Amino acid sequence: VQLQASGGGLVQAGDSLRLSCAFSGATFTNYGVGWFRQAPGKEREFVARTTWNGASKYYADAVKGRFTVSRDNAKRSVYLQMNSLKPEDTAVYYCVATTYSSTEFYTNPRPHNFTHWGQGTQVTVSS
């Protein structure tokens, strides 16, 4: 499995960005997908995830109401629409995927719940 994230950049507070992630190497609909982020000096943290058909979505409290995760199974892609960006959203954003759906995947996603990670894309929000 390969995950290729793109769409990061430098924006001002209040702006929007849309991250994309292209999936290859396996059957996309077998995978739950999502996003994590890591800011300098901080641990990697969960952002958002969705199930194989996009029916179930879950967000970190810090981004709820501002970010939207989605997927297009025909294009084998997952997206993260980020609105009302804040300086504290500055981080490297990682696209993730997993075939294993545990209780944690649904209610408290953690890095070890995801078996495949993309290379990351930098998002910088200036104040």
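Computed from a predicted model, the values in this text were never measured in an experiment.
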K.L.:
Evaluate the criterion side-chain contact (heavy atoms from CB on, under 4.5 Å) for residue pair Cys95 and Phe23; output intermediate values, then yes/no.
P.N.:
CA-CA 9 Å; Cys95 178; Phe23 178 100; over 6 Å; no
K.L.:
Please say yes or no: joined through hydrophobic side-chain contacts below 4.5 Å, possibly via intermediate residues, are Val123 and Val78 part of one cluster?
P.N.:
yes
K.L.:
Flag yes if more than 12 heavy atoms outside Gln2 fall under 6.0 Å of its CD atom; otherwise flag no.
P.N.:
no
K.L.:
OH/Tyr31 to CG/Leu3 distance, rounded to the nearest 0.5 angstrom?
P.N.:
9.0 Å
K.L.:
Check for me, please, whether Tyr58 and Tyr94 land in the same ILVMFWY cluster - side-chain distances under 4.5 Å, paths through other members count.
P.N.:
yes
K.L.:
Looking at every heavy atom in both Trp35 and Ser20, which two are closest together, and how far apart are they?
P.N.:
CH2-O, 3.7 Å
K.L.:
Do Tyr79 and Phe67 land in one hydrophobic cluster if side-chain heavy atoms of ILVMFWY residues count as linked below 4.5 Å?
P.N.:
no
K.L.:
For residues Met82 and Leu19, report the shortest heavy-atom separation together with the two atoms involved.
P.N.:
CE-CG, 3.7 Å
K.L.:
So which atom in Thr90 and which in Gln122 form the shortest heavy-atom distance, rounded to 0.1 Å?
P.N.:
CG2-NE2, 4.0 Å
K.L.:
Examine Arg44 relative to Trp117 and say whether NZ or CZ is less than 6.0 Å from the centre of the six-membered ring and inside a 45° cone about the ring axis.
P.N.:
yes
K.L.:
Are Arg66 and Tyr59 in a cation-pi contact, defined as NZ or CZ under 6.0 Å from the six-membered ring centre and within 45° of the axis?
P.N.:
no
K.L.:
Side-chain donor-acceptor pair under 3.5 Å between Asn83 and Ser16, yes or no?
P.N.:
yes
K.L.:
Please identify each residue that fulfils side chain to side chain donor-acceptor pair (under 3.5 Å) with Arg37, with sequence neighbours left out.
P.N.:
Glu45, Asp89, Tyr93
K.L.:
Look at atom NZ of Lys57 and say whether more than 12 heavy atoms of other residues, nucleotides or ligands are closer to it than 6.0 Å.
P.N.:
yes
K.L.:
With a 3.5 Å cut-off and no angle check, do the side chains of Ser6 and Gln4 form a donor-acceptor pair?
P.N.:
no
K.L.:
If you apply the rule side-chain contact (heavy atoms from CB on, under 4.5 Å), what do you find for Phe46 with Asn108, and how did you get there?
P.N.:
CA-CA 9 Å; Phe46 167 75; Asn108 185 23; over 6 Å; no
K.L.:
Checking side-chain polar atoms at under 3.5 Å, does Arg49 have a donor or acceptor matched by the opposite partner on Ser56?
P.N.:
yes
K.L.:
Which heavy-atom pair separates Thr115 from Thr99 by the least distance, and what is that distance?
P.N.:
OG1-N, 4.5 Å
K.L.:
Take atom NZ in Lys42; do more than 12 heavy atoms of anything else shown fall under 6.0 Å from it?
P.N.:
no
K.L.:
Indicate if Leu80 and Val125 have the same hydrophobic cluster label, given that clusters are the connected sets of ILVMFWY residues with side-chain heavy-atom separations under 4.5 angstrom.
P.N.:
yes
K.L.:
Can you check whether Val11's main-chain N or O pairs, donor with acceptor, with Ser126's side chain at less than 3.5 Å?
P.N.:
yes
K.L.:
Could you name each residue pair satisfying salt bridge (Lys or Arg N to Asp or Glu O under 4.0 Å) that touches residues 97-107, not counting sequence neighbours?
P.N.:
Glu104-Arg110
K.L.:
Any idea which heavy atoms bring Ser102 and Asn113 closest together, and the distance?
P.N.:
OG-ND2, 3.4 Å
K.L.:
Using 30° and 60° as the class boundaries, would you call the ring planes of Phe36 and Phe114 parallel, tilted or perpendicular?
P.N.:
perpendicular
K.L.:
Using every non-hydrogen atom in the two residues, find where Ala5 and Thr121 come nearest and quote the distance to one decimal.
P.N.:
CB-CG2, 4.2 Å
K.L.:
Arg76 vs Ser24, test: side-chain contact (heavy atoms from CB on, under 4.5 Å). Steps then yes/no.
P.N.:
CA-CA 7 Å; Arg76 296 158 61 91; Ser24 62; 4.2 Å; yes
K.L.:
Counting N and O atoms only, with roles assigned by atom type, does the side chain of Thr98 sit under 3.5 Å from a partner on the main chain of Tyr100, one being a donor and the other an acceptor?
P.N.:
yes
K.L.:
Decide whether Val96 and Phe105 are clustered together by the hydrophobic rule: side chain heavy atoms of Ile, Leu, Val, Met, Phe, Trp, Tyr closer than 4.5 Å, transitively.
P.N.:
yes
K.L.:
Determine, stepwise, if the pair Thr51 / Tyr106 fulfils side-chain contact (heavy atoms from CB on, under 4.5 Å).
P.N.:
CA-CA 9 Å; Thr51 49; Tyr106 285 98; 3.7 Å; yes
